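Throughout, residue positions are numbered sequentially from 1 according to the sequence presented. Treat the numbers as computed from the prediction; the structure is a model and nothing was measured.
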Amino acid sequence: MPSGRRCRCTAPPARPAAELGSAAAILATTRSGLAPAVVSRLIVAHELRAGGTLCEVDLAESLVLTRKFRAIWHRSTPPSGPAGDLVDLAARIEAARPTVRRSRTN
């Protein structure tokens with residue numbers, strides 16, 4: 001695509017090609033050529049530096065990606081002290097976060 005040209009995606013978002021349970025499975029699937037993936041730079045940093053089979057694709061500045069994290073613990077030992085404080089803080093931040101829908105642009 002010529003530099004500076006932008007396209008607006010009007011199609012509905014594509015369904016995931018796969019939902020995998022680990023970063024290793026995601027990377028293996030992407031290396032095989034089955035489908036592209038969106039992962040943390042930390043997961044692929046070594047391979048990107050080493051010039052492996054994967055390459056990084058720049059995203060549009062207006063595209064904001066978020067992910068949800070889950071706090072988990074054993075039923076008999078709920079978090080307390082600093083861990084409990086972190087879970088409480090995360091819950092308050094999530095509850096206060098406004099829900100914003102962004103349009104997809106490419």
Practice item. Of all the heavy-atom pairs spanning P79 and W73, show the shortest one and how long it is. Key: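 Heavy atoms of P79 and W73 come nearest at CD-CD2, 3.2 Å.
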Review point. Counting heavy atoms not belonging to E19, are there more than 12 under 6.0 Å from its CD?
Key: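 For E19, atom CD is not crowded (no more than 12 foreign heavy atoms under 6.0 Å).
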Check your understanding: What's the spacing between T29 OG1 and L20 CG if we round to 0.5 Å?
Key -> 4.5 Å
Practice item. List, by chain and number, the other hydrophobic cluster members for L34, where Ile, Leu, Val, Met, Phe, Trp and Tyr join if side-chain heavy atoms come within less than 4.5 Å, directly or indirectly. Key: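 Traced through the cluster, L34 reaches no other member.
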Practice item. Report the residue from I26, L27, T30 that forms a side chain to side chain contact (heavy atoms under 4.5 Å, CB included) with V44. Key: L27
